Structures are given as C-alpha cells and as structure tokens.
Number of protein chains: 2
Amino acid sequence: MVRPKTRDEIVQVADRLFYEQGFDSTAFADIAGAVGISRGNFYHHFKTKDDILAAVIAFRLARTAAMLDGWERNAEAPRERIRQFIEILIANEAKIMQFGCPVGTLCSELAKLDHPFQPQAREIFDLFRHWLTRQFVAAGCGEAADRLALHILMRSQGVASLALAYRDEAFVRREVEAAIDWLDQTLAAAV
Amino acid sequence: MVRPKTRDEIVQVADRLFYEQGFDSTAFADIAGAVGISRGNFYHHFKTKDDILAAVIAFRLARTAAMLDGWERNAEAPRERIRQFIEILIANEAKIMQFGCPVGTLCSELAKLDHPFQPQAREIFDLFRHWLTRQFVAAGCGEAADRLALHILMRSQGVASLALAYRDEAFVRREVEAAIDWLDQTLAAAV
DNA sequence: GTCTATATCATGATAGAC
DNA sequence: GTCTATCATGATATAGAC
C-alpha cells in the first residue's frame, strides 16, 4: 500500500524550512533530506518549487483558520479573543525572535522575488484581519473595526520585526502589555 | 559632476539591488551588469559576497548617520525631529510599499540565512534607536526614553510591513497620523 | 511510489592576458 | 583596472528502472 503521509510530510517540513530558512534558500534537497526521501520521489509529488509553495500557503491558511476557530471557542468576549491574538507574540516568542513572523517575512521575501504568489500569501494576513475586524464589530466598534484590526496587525508586525533584530524578551512583553492597554482603552471608548 | 569611482558605483548599485531583490537573490552578474563592468572586474574590487555586503552595510550606516544629522540641523525641537523620523514612511512610501523597510527586511533575511553579519545590520537600527532616545531625553522623558524610542521604531516597522503586504496608502497616512498623535500625548505627559 | 542517474543552468569564484 | 575564459558547485528539473 502507498504511504499517503509522504505528501503531507513534505508540506509540513517545507512549511517549517520555508519559515526558518526562507523560501528561496530552501532547496529541494533540504526538504527531501529532512523528510527522508530522494529528490526523485520529491518530484513525484511536486513538479515545481511554486507547487510546493502553493501547498505550504494552503496549509498555513488552513492551520490559521483552525487556530482562529479555536480562539472563538476558547473565549466568548471579543476582548479575550483579541487578547489571544496579541499574545501569540509571547506564545511563539522563541521562534519569532529567531525567524520573525511567518506571515510578514514570507510576504516580504515574495515581494523581493517579485513572486506571483504574493496575493496568496497576503490572504493569511486577511484571515487575521477579517477575524479581528469581526471581533471589533462584536465589541461595538462599528465602522472603525477594520482600521482597528489593521492597527493591531501593525503592532504585532512591528514587535515581531524588532524582536528578531534585538532578541529582547523584555521588549516583547512590554509591547504586548502596551497593546492590551491600547485594546482596553479602545474598547472602553467604544461602549 | 565627477564620475564616482567604480568601487563606489558597485556599492551604490548593490545597495539598491540588495534592497529591491534581496541579498541572496542578487547575483554578482546583476550588480556587474547594472554597473556596466565585467564579473572579473567586479572581483577585483570585492573578493566575496560577504565583502560587498559589508561595504553595503557600511554605506547604509554612513548614509543613515548623515540623514539623522540633517534632521538635527533641520529642526531644534525634539518633537519636530521625531516627526521627521515618523514621516519617512510617507517620504519613502512608494519604495516601502514595493520592497518594505530596508533595515527590517535586511535583518529578517540575514536571520533566515543565519548570516554572521546580523549584528552589523542591527547597527543601522541602533543608529535610529539611539538618535530617537536622545530626542526623548531632550524632551524630558528621562529613563523612559529608550523604551519610547523602541516603541516608535516598532510602529514604523509594523507600518512598513503591512504597507508592503497591502499597498494601502490610506493605511500608511492614517498610522503616521496616529503615531504623531501618540508622540504628542507622550511628550505632553512628560512635561 | 520510490529510487538512481543525469540534463541543464546559474552561481560564486579564480587565472591570466592586456 | 579591466577584460575573457574557465572552473567548481549546487540548484531545479527530467527520464526511466524497479
């Protein structure tokens, strides 16, 4: 019988390596080696590098959507839900200080490569953006919801960028607190 | 007008291409071709790719320092000086929406390449950070000055990151205004 | 599905003529 | 200082055997 796991294994390893090493500098040999298959077998599953990138982006989209669903189940109040988003900076702190934000760095790399999949990568941002927007709407922020969502996204991107440059844990914690303070003030003003 | 020496031309072209295409995907042939010299001549000036990267970082450090000096000459009040920093997001808007922040994207790429020059790239951030810190000290923010400087840096990084992903000019303008509002409130509280 | 072998190409880097 | 010619390597990608 076949090993239906091989393709999924490739995608998961590629997801990790694209994050840690970047898309362009990750070679097929890196992925095949980490999975434990030959390059030839790799090409049986993915014909081109863009094919594996498309699969990785789809994988991230699905994983992100599942995470957002989980946050909705974990908390009812918009404030708590948004706080969970802000605190991924702490939950993923070690990896962010080493490799940055997976979404932001992918968008940045694809932009410099002038890669046709930039819109697909941006969709991951959109998942967060629209989910955050819905939370702000539920919190009564009405038509300001989208710009508040973008503001939160902006802060998380900025913190991730400097966390990568300075690897300063205290900075991350402080800015997470500041973002939550901003959130509370914003929600208080909306009610 | 004096024609710059070949070496300086190489550095300026490499500076631009490293920004627009990324360090790793910029080949010597790209730089040599843009300058109009042969690859052999290129190697006469720079033996390895790290040599040219070191020269580009040194070039950026010098240019940044000169820009900060200019801002100090242009304005006396810390508030105006810091505002000039915030508004580079607008001054360089087109390039930022296409290629991101030159400093943040370089740090991000070098981190993924596990490149030994990460500390040198971070020095460019340090120039801004310490310059901003001095402005906040001059504005009477005392021991909070460094964390306020990092907060401004964080916002500029976050805006640049989302500007690249969404290419939304209105978002950039709005967040620049929000950053200046934050600045004014912070300075008012300090006095 | 998996493998080995190989084609093809771009890259960083060197040697040596002028 | 500048050039042409060349090398060594590693990358994507293909062909075909088992």
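All values derive from a computational prediction rather than experimental measurement.
Only one option out of A:Phe99, A:Phe59, A:Phe23 pairs with A:Phe18 in a ring-ring contact (aromatic ring centres under 6.0 Å, His included); it is A:Phe23.
Remark: C1' of D:dG1 and CZ of B:Phe42 are 15 Å apart, rounded to the nearest angstrom. Rounded to a whole Å, the NZ atom of B:Lys49 is 15 Å from the C1' atom of D:dT9. A straight line from CZ of A:Phe28 to P of D:dT14 spans 10 Å, rounded to a whole angstrom. Note: CD1 (B:Ile37) to P (D:dT2) measures 7 Å, nearest angstrom. Residue A:Lys47 contributes atom NZ, which lies 10 Å from atom C1' of D:dA13 at whole-angstrom precision. The distance between atom CZ of A:Arg39 and atom P of C:dT2, rounded to the nearest whole Å, is 16 Å. At whole-Å resolution of the value, CZ in A:Phe23 and P in D:dA11 are 14 Å apart. Residue A:Asp24 contributes atom CG, which lies 11 Å from atom P of C:dT11 at whole-angstrom precision.
Nucleic acid contact class of B:Ser25 (heavy atoms, under 4.0 Å, all strands): none.
Looking at heavy atoms from C-beta onward, B:Thr105 lies out of side-chain contact with A:Glu109 at the 4.5 angstrom threshold. Residues A:Ile57 and A:Leu106 meet the side-chain proximity criterion, which asks for heavy atoms closer than 4.5 Å.
Taking 4.0 angstrom as the limit, B:Asn41 places none of its side-chain polar atoms (N or O) nearer than this to OP1 or OP2 of D:dG1. The side chain of B:Thr6 places an N or O atom within less than 4.0 Å of a non-bridging phosphate oxygen (OP1 or OP2) of D:dT2. Side-chain N/O atoms of B:His44 include one lying less than 4.0 angstrom from OP1 or OP2 on D:dG1.
Residue A:Ala27 has its side chain nearest to D:dA11 when only C:dC3, D:dA11, C:dT14 are considered.
Between A:Asp15 and A:Arg63, at least one side-chain N (NZ, or NE/NH1/NH2) sits under 4.0 Å from a carboxylate O, which counts as a salt bridge. Using a 4.0 Å cut-off between a side-chain N of Lys or Arg and a carboxylate O of Asp or Glu, B:Glu80 and B:Arg83 qualify as a salt bridge.
Nearer the 5' end of DNA chain D, as judged by each residue's closest nucleotide, is the contact made by A:Ala29, out of A:Ala29 and A:Gly40.
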